[in-house]
There are 2 protein chains.
Amino acid sequence: MARASIHNRQDSLERALHLFWQKGFHATSLKDLEKALDMRPGSIYATFGSKDGLFQEALERYARLGLAELDRTFQAYESPLAGLAAYLRGLGGICDKELPSRACMLVKSLLELGEREQIARDKAEELLAGMEARFVDQFAEAKRVGELDSRLDPVRLGRRLQAEIMGLRAFAQRDVDSAAVHALAEDMAQSLEELRVDEIAEIV
Amino acid sequence: MARASIHNRQDSLERALHLFWQKGFHATSLKDLEKALDMRPGSIYATFGSKDGLFQEALERYARLGLAELDRTFQAYESPLAGLAAYLRGLGGICDKELPSRACMLVKSLLELGEREQIARDKAEELLAGMEARFVDQFAEAKRVGELDSRLDPVRLGRRLQAEIMGLRAFAQRDVDSAAVHALAEDMAQSLEELRVDEIAEIV
DNA sequence: TATAAAATTGAGTAATCATTCAAGTTGTCA
DNA sequence: TGACAACTTGAATGATTACTCAATTTTATA
């Protein structure tokens, strides 16, 4: 004995994510959300609690989808290093996609949010740490299977890769040619592949 | 026959820059600026025209100071490549400095601003392009003096370096150990130094 | 010292902000 | 069909937003 909701929660969250990713937290007003979700303020607050709460859920969804894509890429390649390089090359095509923003939403949030949005900021930090850990794991796996020089540190490599991806996507946010971003990603991917022990052995 | 201004324009701009760099455009209110500049709204508008105008001037000042530091570093080194590496290593200490933000203000603006702040956004893009051009010039100079393999493209290298710096500073915005950022900068600097032809010649 | 010009003030504007809640609507089950 | 419970509505809230302008203060010069 209850009225069924006319809104799909996940669908609403998806729309909110789109808006927050595109415009950022501060520039997204409740009016914007009302229009995008086709919901009145009362419904939004009943469903998500607050603008902050909705934003945090959007952040989590964004990271979950991002991690899923990461894993999908890694699983498509036998070689851990090849998986990492493929992920980088995939990001090279980011300008060709129709996305709310080419920059990472976690990075946008990290740079935008201050003390007044501490909880969401901490959430973004935590999710970025999770992504970094995934990169570190992949490098550790590469090391385990002998693709990586045993003297190299997966933690440093994972950190470096995350920084490079942050940079690649921030750069892609500029109004530059798609070709430039492709070339940038290709250069980064090649640097990564040069870590392969086989290649080092060839040169030395 | 006129009243002298009690505010130094440059000093006011410096304070505004500090605030905008720290909090971003949207999160910085005119109330915040009134307090930081110790000026009433009328004075601020008489001096800078609008919040947008003040922000744009702050952006320009930020970029001018950044470019000056870049040139100072480059001029301190005979070798162009060494200058670039030194600049990267200097950024490794960014966590130890007392700055409004560890992330680049141009990047923060690029990621935060939308169509409603198109002019400031374009300004940030233009200033970033100027920085990139400076990197390209330095790589071109390295090539001219024979530090760089003639097959390498200064444009791609400059682009790559800008992306790496964007990434380094976005990463540094996270709540991570200063040592991690130092290590990251060191890794980036070493990659850069490996471009030196001497090193390649040694290995091959 | 009187005058004019520039600088500063701060109350006030209209718009927008996130949020609340009483009232209305709708579907479900007894 | 009646009644309850969940969902939705949207006007109203008070706070905050960027910004304006008439009045005031200040100072250099005539």
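We name chains A, B, ... by the order of the sequence lines, and we start the count at 1 in each one. Computed from a prediction, not measured in an experiment: that's the story for all the values here. All heavy atoms count here, side chains included; hydrogens, waters and symmetry mates do not.
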Asker: Any donor-acceptor pair under 3.5 Å linking the side-chain atoms of Gln190(B) with those of Arg89(B)?
Answerer: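 Not at all, the side chains of Arg89(B) and Gln190(B) share no donor-acceptor pair under 3.5 Å.
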Asker: Phosphate oxygens OP1/OP2 of dT20(C): is one of them under 4.0 Å from a side-chain N or O of Tyr45(A)?
Answerer: no
Asker: May I have the distance from His26(A) (atom NE2) to dA18(D) (atom P), rounded to whole angstrom?
Answerer: 12 Å
Asker: Side chains of Arg160(A) and Ser191(B): do they bring a donor and an acceptor to under 3.5 Å?
Answerer: yes
Asker: Taking only side-chain N and O atoms of Ser5(A), does any of them lie within less than 4.0 angstrom of OP1 or OP2 on dC7(D)?
Answerer: no
Asker: Without decimals, in angstroms, what is the distance between Leu30(A) CG and dT16(D) C1'?
Answerer: 15 Å
Asker: Do Arg3(B) side-chain and dT25(D) base share a donor-acceptor contact under 3.5 Å?
Answerer: yes
Asker: Return yes when atom CD1 of Ile119(A) has more than 12 non-hydrogen atoms of other residues, nucleotides or ligands closer than 6.0 Å, and no otherwise.
Answerer: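 No, not enclosed.
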Asker: Can you check the Leu33(A) CG to dG10(D) P distance for me, whole Å?
Answerer: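 For the pair Leu33(A) CG and dG10(D) P, the rounded distance is 18 Å.
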Asker: Please state how far atom NZ in Lys31(B) lies from atom C1' in dT9(C), giving the value in whole angstrom units.
Answerer: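 Distance check: Lys31(B) NZ to dT9(C) C1' gives 15 Å.
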Asker: What is the separation between atom CD1 on Ile44(B) and atom C1' on dT20(D), rounded to the nearest whole Å?
Answerer: 13 Å
Asker: Checking all strands, does Ile6(A) fall into the base, sugar-phosphate, or nothing category for heavy-atom contacts under 4.0 angstrom?
Answerer: sugar-phosphate
Asker: Rounding to a whole Å, what distance do you find between Glu34(B):CD and dA18(D):P?
Answerer: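 Value for this atom pair: 9 Å.
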Asker: Using the six-membered ring wherever Trp is involved, compare the ring planes of Phe25(B) and Phe20(B) and label them parallel, tilted or perpendicular (cut-offs 30° and 60°).
Answerer: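 Phe25(B) vs Phe20(B) ring planes: parallel.
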Asker: Please determine if a side-chain N or O atom of Ser29(A) lies less than 4.0 Å away from the OP1 or OP2 oxygen of dC17(C).
Answerer: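 Result: yes.
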Asker: Ignoring backbone atoms, test whether Ser43(B) places a side-chain nitrogen or oxygen under 4.0 Å from the OP1 or OP2 oxygen of dA7(C).
Answerer: no
Asker: Closer to the 5' end of DNA chain C via nearest nucleotide, is it Gly42(A) or Arg40(B)?
Answerer: Arg40(B)
Asker: Please determine whether a side-chain nitrogen or oxygen atom of His7(B) lies at a distance below 4.0 Å from atom OP1 or OP2 of dT8(C).
Answerer: yes
Asker: Whole angstrom is fine here: how far is it from CZ in Arg116(B) over to P in dA18(D)?
Answerer: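 Rounded to whole Å, this separation is 11 Å.
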